[in-house]
Number of protein chains: 2
Amino acid sequence: MVKKDVTSDKPERTAEKLLRVAARLFRQHGYAATSTQQLATELGLQKGSLYHHIEKKEELLYLICMDALMHIQLAVEKAIEPISDPGDRLRTLIRAHTCTALDDQDKFATALLDNRELSDENKSTIMELHDYYEGVVQEVIRACQEAGIVRRDTAPRQLTLFLLSMMNFTAFWYRPDGKLTPDDLADQFIQQFLQGAGVPLCDDAPHP
Amino acid sequence: MVKKDVTSDKPERTAEKLLRVAARLFRQHGYAATSTQQLATELGLQKGSLYHHIEKKEELLYLICMDALMHIQLAVEKAIEPISDPGDRLRTLIRAHTCTALDDQDKFATALLDNRELSDENKSTIMELHDYYEGVVQEVIRACQEAGIVRRDTAPRQLTLFLLSMMNFTAFWYRPDGKLTPDDLADQFIQQFLQGAGVPLCDDAPHP
DNA sequence: GTCTATACGCAGATAGAC
DNA sequence: GTCTATCTGCGTATAGAC
């Protein structure tokens, strides 16, 4: 359905702006509740003009989901690739995921909320990517279990879901104008995921 | 906008079924993408007939959000009310929240995903309830900090968001036909939230 | 690449018979 | 409480001028 080449940089400017604005509106009101009219108005265009840039409205949603998923997957894989220590890989993954997700919050939130409104065909494509990425996360966690730094009494898949839940929900409540930077938040996620919120029973005896 | 009395039990059966079916469809396709036609078809009615039970389509969404929030809030408050130990209150809250949310997964997921599509007026009402409930959770966590069983180096509001993120995201991926019961999941949430996924550094020295 | 004009269908909602 | 019939508007998408 989509054959845009992203090789060239400059001539695609309008298309990028379109995606950015669409992501903001979709996140705010939902995909189906956002009309091509609203979209055009925000861009200072007539609604007919949109169809010079896209084939149909759904293409916007598809591109947004694609963009968000690819972005986060590539960022995370690139970040953890040169690292071998399992614990460092996990911490790096959490930081890269958090920062990338918040860097493009509208697209990421839309991808999470509105992917159910894609056509069956597009939905499968997106779901495949999603599952692949989940597998990457799960593998990092599994390696931590093997290395003895993450508990083995819970299935890696469960732990993956817990971690992704915590990080992904952030896209819904995080306000960039608040006090916490994405990096601060990443620190908190790392601590919360690994140590939990409970006070350690025995940290009065620090190890050498 | 809504003046239904929920005092009587039996005569409201159709209305309940309507809400149940609506919640399922809304969750599946989104509120705006679900037509009154689909709704009517699933109920074996003509679309005109729906308007004997509701004033407008949005009323369904409003009632679903209301229902889900009230249900969970009442269940949690009732569960923790007789308990005084802060840690027990937190663990009880997690269990009540998890089980109640999964008991009516469609409504709960719809309330989380589609509340943005409510009219401004209805949205405020729902948000107030939501904030109130968040306050209840936060207070339980704060009490745990005061009692020294939850770390104080993270703000109670942050911890509340982490906990709710983990629990609420469940509504999106949990499958009732899987192996985990809601109770199992609650156990995992309690452990994950308090102890984290990391292996304790010193549990070779159990306390008496 | 943007405009105007328009096709076409389906959405939500109402009225009145049964 | 459900049906049929119908109103009305707005939705997505297209065509052709500039």
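Computed from a predicted model, the values in this text were never measured in an experiment. The chains referred to below are lettered A, B, ... by the order of the sequence lines, with proteins before strands, and numbering in each begins at 1.
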Worked verdict on A:Val199 versus B:Arg152 for side-chain contact (heavy atoms from CB on, under 4.5 Å): CA-CA 9 Å; A:Val199 169; B:Arg152 287 166 147 122; over 6 Å; no
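- OP1 or OP2 of C:dT2 has at least one side-chain nitrogen or oxygen of A:His53 nearer than 4.0 Å.
- What separates NE2 of B:His52 from C1' of D:dT4 is a distance of 17 Å, to the nearest Å.
- B:Glu16 has its CD atom 13 Å from the P atom of D:dG1, to the nearest Å.
- Taking the charged nitrogens against the carboxylate oxygens, B:Glu59 and B:Lys56 have no contact shorter than 4.0 Å, which rules out a salt bridge.
- Below 30°, between 30° and 60°, or above 60°: for B:Phe169 and A:Phe169 the angle between ring planes is above 60°, a perpendicular geometry.
- Taking the side chain as every heavy atom from C-beta outward, B:Cys144 and B:Pro86 approach each other to under 4.5 Å.
- Among A:Phe108, A:Tyr31, A:Tyr62, the one residue that satisfies the ring-ring contact (aromatic ring centres under 6.0 Å, His included) test with A:Phe26 is A:Tyr31.
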Expected string for nucleotides 7-18 of chain C under the B/S/- scheme (protein heavy atoms, under 4.0 Å, primed atoms plus P, OP1, OP2 as sugar-phosphate) is ----SBBB----
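- With rounding to whole Å, A:Leu45 atom CG is found 16 Å from D:dA13 atom P.
- Proximity of A:Gln46 to the phosphate of C:dT4: a side-chain N or O atom is located under 4.0 Å from OP1 or OP2.
- Among pairs with a residue in residues 156-185 of chain B, those fulfilling salt bridge (charged side-chain N to carboxylate O under 4.0 Å, His left out) read B:Arg95-B:Asp183, B:Glu134-B:Arg157, at least two apart in sequence or across chains.
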